[in-house]
Chemist: 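Have a look at this one.
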Amino acid sequence: MARLLDRLARELHARRSVILCYHGVGDTGGSIDPGFLRVRPDVFRAQLGLLLRAGFEFVTVSELAERSAEATSSGLAALTFDDGMEDNYSVVLPILAEHGLPATIYVATGLIGKPNPWMPAEAGARMMNEREIREIAAAGFEIGAHTVTHPDLSQLDRESCLEEMLQSRLVLEEMTDGAVRTFAYPFCRYGPAAVAAAREAGFSTAVTCEGRGGSDAYELERSLITGKDGLPIFLLKLTDWYQPLFESSPIRLMRAATRPVRDSRRARVERRRGRGPR
Ligand SMILES: [Zn+2]
């Protein structure tokens, strides 16, 4: 199996570049992280190992977009983390530093230093504070904006989208003393107003996920990786095949059959925190 996965990863490397969407790395499942937003450190290392052995070159989102615009590129991988969770500093940074790899971290500025709203209180999880954000920026991670209040931008007009984008951008630029050039749509959701606002706010790229978007600079697609993904599913998610498969009828039937269980689990979490992340 390991050899087959390595071969498939090499084929993927020859064919395309990939942007991965994570939230955090750490213990997951159970009462700590029922939404599986985190990937276990050993699993994260295995995923990195697979991509490194296949020859992927790790870059930030901005670099990937620049190099893709210059030529038809393949073999680039951009790791992204949404929301600004504390483990991005305490777990992700040291693991990536071992290999000298960069990442792009999308921070929702209204959450900085606060308890993590997507984890149950007993998990004791929080979001990165200002010092931690400055340190990861100084270490070479790219900092991207992810709004102030994490709203669903597909429901807002252009003016409100622009305000969320500009405010979060300015706060992060001041904090890190650097340019913030990339933006992630909260919940990966957006409409024409949000896309227009992202251009107007001065970003050079904006990213989405969950089957939305493509290669347009303001609708860049990402593969959403969760704590439930084994290595084969991880690899499948990086291909073009995952979303069509996921939406094909046998799998939809299977998902429909297991929905009551998943819904009740999700409802428990969402009652505590209001709404889901991304
Ligand atoms: Zn988010």
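FYI, the numbering just counts along the sequence from 1. Atoms within a ligand are numbered from 1 in the order they appear, just like the ligands themselves.
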Chemist: Run the salt bridge (charged side-chain N to carboxylate O under 4.0 Å, His left out) test against R134 and tell me which residues pass, sequence neighbours left out.
Modeler: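 Salt bridge (charged side-chain N to carboxylate O under 4.0 Å, His left out) list for R134, sorted by chain: E130.
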Chemist: On the six-membered ring of F203, is R169 placed so that its NZ or CZ lies under 6.0 angstrom from the centre and within 45° of the ring axis?
Modeler: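 Yes, R169 sits over the ring of F203.
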Chemist: If I only include protein atoms of type N, O or S, how many are less than 2.8 Å from the Zn ion (ligand 1)?
Modeler: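 For the Zn ion (ligand 1), protein nitrogen, oxygen or sulfur atoms under 2.8 Å: 4.
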Chemist: With sequence neighbours left out, what residues match T109 under side chain to side chain donor-acceptor pair (under 3.5 Å)?
Modeler: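 With sequence neighbours excluded, T109 shows a side chain to side chain donor-acceptor pair (under 3.5 Å) to no residue whatsoever.
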Chemist: Any chance the rings of F44 and Y22 have centres within less than 6.0 Å?
Modeler: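 Between F44 and Y22, the centre distance is under 6.0 Å.
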Chemist: For R222 and T208, indicate whether the former's side chain and the latter's backbone hold a donor-acceptor pair under 3.5 Å.
Modeler: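 Yes.
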Chemist: Scan residues 80-191 for pairs that pass disulfide bond (SG atoms under 2.5 Å apart), counting only residues two or more places apart or in two chains.
Modeler: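 For residues 80-191: C188-C209.
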